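See structure below.
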Amino acid sequence: MLSIQFIRDHTDRVKSDLSRRNTTAPIDRILDLDDTRRRLLQDVEALRARRNAVSKEIGAAGKDAVARQAKIDEMRGVGDRIDVLDVDLKATESDLNRLLLEVPNIIDPSVPDGPDESANIVVETVGDLPKFDFVPKPHWELGPDLGALDFERGVKMSGSRFFVMRAGLARLHRALIQFFLNENIKAGFQEHYLPYMLTEASLFASGQLPKFRDNLYKDHEEDYFLIPTAEVAFVNLYRDEILPPGMLPLRYVAHTPCFRREKMAAGRDVRGIKRVHQFEKVEMFVYCEPDQSEREFQRLVTQARALIEMLGLTYRVLALCSGDIGFNSAKTVDLEVWSPGAGEWLEVSSGSNCLDFQAHRANIRYRPALDAGPRFPHLLNMSGLALPRMVVAIMENYQREDGTIAVPEVLRPYMGTDVIGHA
RNA sequence: GGAGAGGUGCUGGAGUGGUUGAACAGGCACGCCUGGAAAGCGUGUAGGGGUGCAAGCCUCUCGUGGGUUCAAAUCCCACCCUCUCCGCCA
């Protein structure tokens, strides 16, 4: 979140970024509550200071019972007055906090203006659209034709937006995960195995809650949410900690499943496995000092692009506009690969620089030097890359006229074959 | 899930309801000493919030949240977590 301090000091900036986002937040109300809070706080603390002072005198009075009793009588009412003011103060703080949690991040000045995704800017397109001697099929035809993608049975056991992969496709899926992990490790990202279920407090810390509850799966018996992305776990890794000097930057990677309700997206992308409730993703995550975050961001983008390029796919780089940027993010780049069967660009990676927004929510700090006070680090994330969309991309790009699928060169060691045939 | 024990500062570990934000020890930082180091000696060593140009002052925090009291690390209640034993189990 944005600190109340920041909102107080940069009110105009915060408001103009909100309008760039094409959204609103009760900034004036927040400033108002903050005034009230500080006024109450000063009153309460003055009373507390007095009570503390007199209490010490009572303790020091020793055997002088008369003086002692006089002071006790004097203080008797003070405690009650403190309690009364404190109730007000607590209520004000809780109102303030609730509103603060709903204010989105500021927007980086480099982000293009625009109301929604239609205004995103294609920064760069790499590679040419592939040409086929035949009419390329979409993956929702290729997969079932190979007997390797089964929608009906997925739906039978779990409902819509679930599917089963088998044989060559299942193996391709697993090979991609291994490939991504290995390449990211080579690039200096440390592998992690993370919990897939997190507490409500953790989802608040990462910014999923309170606003995006509708997109999360929750256990009804206990306080557990299924992660919608590994980012959520990575943010919470150092929640409520102060990292010692010399630890940053931290460059992490993990493969996790992701669970999304996608209620908002009902009716969208119903065909195929582009938008599903359960998918795998390899996620990169960085903790760094503020003056390094732009450099780290570029590093993430470069790494994710390298993965796509190694697989020989055509892709484009999108700079998300101010109206399409996520709640936590100050700046986001998406990578989309061309999907010749479906005839569309497919988002396989999204990278965000969240600045210190999540660090504030999660109360993560670092110490720049042994004798320095704690500061908030910047947190960044980027997919590297998302499944099963990359399976889709490879299927559609590497399909052959007979319906089989060639295995990209770099994946052959992982697959032990150069073609995915009929299961 | 059952029974028991316990949660205090960077760490270990004290703490009788009243100058305890917290003894003592260790660690770490700085200084002295030394050719250099060790040892030794000295000093310092939490975070949040409020206020102030600043120095500073005030306040909160001893797992979390309530309660009792003029006053709570200390007493009471609830919850969370950790450890040991038992049960169950991939």
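Order of the sequence lines sets the chain letters (A, B, ...), proteins ahead of strands, with each chain counted from 1. All of these numbers come straight from a predicted model, not from anything done at the bench.
Annotation: side chain of Trp140(A) is in contact with side chain of Phe151(A) (closest heavy-atom distance under 4.5 Å).
Minimum atom distance to the side chain of Arg8(A) is reached by G50(B), of the listed G48(B), C28(B), G50(B). For Gln42(A), whose side chain is taken as the heavy atoms from C-beta onward, the closest listed nucleotide among G50(B), G47(B), A29(B) is G50(B). Of all nucleotides listed (U19(B), G47(B), G50(B)), G47(B) comes nearest to the side chain of Pro374(A).
Using a 3.5 Å distance cut-off with no hydrogens or angles, the side chains of Lys331(A) and Ser352(A) do not pair a donor with an acceptor. Under the 3.5 Å distance criterion, with hydrogens and angles disregarded, a donor-acceptor pair is assigned to the side chains of Ser293(A) and Asn353(A).
A search for side-chain contact (heavy atoms from CB on, under 4.5 Å) contacts involving Ala254(A) returns His192(A), Leu194(A), Phe234(A), Thr256(A), not counting sequence neighbours. For Tyr315(A), the side chain to side chain donor-acceptor pair (under 3.5 Å) partners at least two apart in sequence or on another chain are Arg305(A), Glu309(A).
Judged by Watson-Crick or G-U wobble contacts below 3.5 Å, the nucleotide G87(B) has no partner.
Heavy atoms of Arg39(A) sit nowhere under 4.0 angstrom from any nucleic acid atom.
Straight-line distance between the P atoms of C70(B) and C58(B): roughly 25 Å, to the nearest whole Å.
In this structure, Leu18(A) CG and Ile106(A) CD1 are separated by 11.0 Å, a value rounded to the nearest 0.5 Å.
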Per-nucleotide protein contact along nucleotides 52-79 of chain B, 5' to 3', at a 4.0 Å heavy-atom cut-off (B base, S sugar-phosphate only, - neither), is ------BBS---------BS--------

